[in-house]
Amino acid sequence: MVQPPPPGPPPYGQQPPYGQQPQYGQPPPYGQPQYGQPQYGQPPPYGGMPPYGGPNPYYAMAPKPGCIPLRPLSLSELIGGSFSAVTRNARTVLALAVPVAVIQAVVAFITQHYLAANGRQVIDNTDPSHPIVHWAQLYRVLTATVGLSLIGALFGAVLTGMLIVVVTEDVVGRRADISLVWTKVRSRIVRLVVLSFVVSLASGIGLVFCLAPGIWLWGIWAVAVPALIVENRGIGSALSRSRELVRGTFWRVWGVRALGYLIAGVIGFVISEVFSVIGLAITGTDAGSSFVLSNSTVTHLSNGYLAFVAIGSAVSFLATAPLKAAVDSLLYVDLRMRKENLADDLQRAAALVRRG
């Protein structure tokens, strides 16, 4: 009796059935090496580095057409690649980020000016034994703060989506211009804003009321926004996709993301403080009066000082927002290279870019 031939790999370009993705490091279909893939030596185990005694051929031969080599990344390559992606595409990044930063700075200045013009102490400690809370002023402060945060989140979400396009295109050595970015993002803007709001709100509530859920959500949804942009997914699908990619690597993803955000936060804090100190020195504003919820009144804040603070916040945003978007983007690419052998597809795409 003639035995049927063993089942072969799916036709070129067709994905294998769900749940049967080829494992990372498995030879490509038909026994043919992909572009840039060495014919000898297997990539190191998941999460590992080349063995001691010499570089693994897979790592040595991986091409680097853009900000990262097209293979699973180390911590230094993820963080360094994020800075590289921003600097390599500085013109496009600034063209996208400057308008958002200016809008946020203007809104912040108007808000602070409004509070100063209509201000009084939120808490009057003239008599320490009977402090008086001025609820109307507290309401103004909270309303302005929430409104400013929502506006910042709206524009920040759209900018993040655009920057993800820039970074993921740079991975294969392609420089994304404004028209390409807008073409890829415009149909996803509503989903992008809603997804960013859901992730921020859920993670924030989790952190406020119970630390563990906030940490967990911040980790499992780390690459939800890149998944939505790159794969054009819906909101729920993007959240599920992120959780699927992060599964089994939660603490690594959380740690890398936290480190990247911490570096960005330190840079942003230093920039903001420098502009604040310069504003205090030039305008002669009392440093204590910059704390709206303290004993001092907001009426002491001069427009000149508020302008310096607004400019500082804009420059800080320009330095931090692209870096955070780059960290999330490269985490997404790294997870797919580790779990889905995306490096092969990226290497083929990079080859096409080089050929023009």
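Position 1 is the first residue of the sequence; numbering continues from there.
Looking at residues two or more places apart in sequence or on another chain, you find a salt bridge (charged side-chain N to carboxylate O under 4.0 Å, His left out) between Asp334 and Arg252, Arg338. For Arg91, the salt bridge (charged side-chain N to carboxylate O under 4.0 Å, His left out) test picks out no residue, with sequence neighbours left out. Under the side chain to side chain donor-acceptor pair (under 3.5 Å) criterion, Lys324 pairs with no residue, sequence neighbours left out. Partners of Val93 by side chain to side chain contact (heavy atoms under 4.5 Å, CB included), not counting sequence neighbours, listed by chain and number: Val86, Asn89, Leu163, Val166, Pro322. Residues satisfying the side chain to side chain donor-acceptor pair (under 3.5 Å) criterion with Ser187, sequence neighbours excluded, are absent altogether. Applying the side chain to side chain contact (heavy atoms under 4.5 Å, CB included) rule to Ser272 yields the partners Ser316; only residues at least two apart in sequence or on another chain are considered. Every residue meeting the side chain to side chain donor-acceptor pair (under 3.5 Å) condition with Arg336, not counting sequence neighbours, appears here in chain and number order: Tyr332, Glu340. Residues passing the side chain to side chain contact (heavy atoms under 4.5 Å, CB included) test with Val315 are Ile271, Phe275, Ile311, sequence neighbours excluded. For Ile189, the side chain to side chain contact (heavy atoms under 4.5 Å, CB included) partners are Val158, Trp182, Val185, Val193, not counting sequence neighbours. Residues satisfying the ring pair (Phe, Tyr, Trp, His ring centres under 6.0 Å) test with Tyr261, not counting sequence neighbours, are Trp218.
With salt bridges taken as basic N to acidic carboxylate O contacts below 4.0 Å, none links Arg247 and Glu244.
For the pair Ala176 and Val181, the tightest heavy-atom approach, listed with the atom from each and the gap, is CB-CG2, 4.0 Å. Of all heavy-atom pairs between Cys67 and Val171, the closest is SG-CG2, 4.2 Å.
Between the CD1 atom of Ile267 and the CG atom of Leu318 there is a distance of 13.0 Å, given to the nearest 0.5 Å.
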Sequence neighbours left out, cut at 3.5 Å: what donor-acceptor pairs do the side chains of residues 203-217 make with other protein atoms?
| from | atom 1 | to | atom 2 | distance (Å) |
| --- | --- | --- | --- | --- |
| Ser203 | OG | Val199 | O | 2.8 |

What side-chain donor-acceptor pairs closer than 3.5 Å can you find for residues 232-239, not counting sequence neighbours?
| from | atom 1 | to | atom 2 | distance (Å) |
| --- | --- | --- | --- | --- |
| Asn232 | OD1 | Arg188 | NE | 3.3 |
| Asn232 | OD1 | Arg191 | NH1 | 3.1 |
| Asn232 | OD1 | Arg191 | NH2 | 2.9 |
| Arg233 | NE | Glu231 | OE1 | 2.5 |
| Arg233 | NH1 | Ser237 | OG | 2.7 |
| Arg233 | NH2 | Glu231 | OE1 | 3.0 |

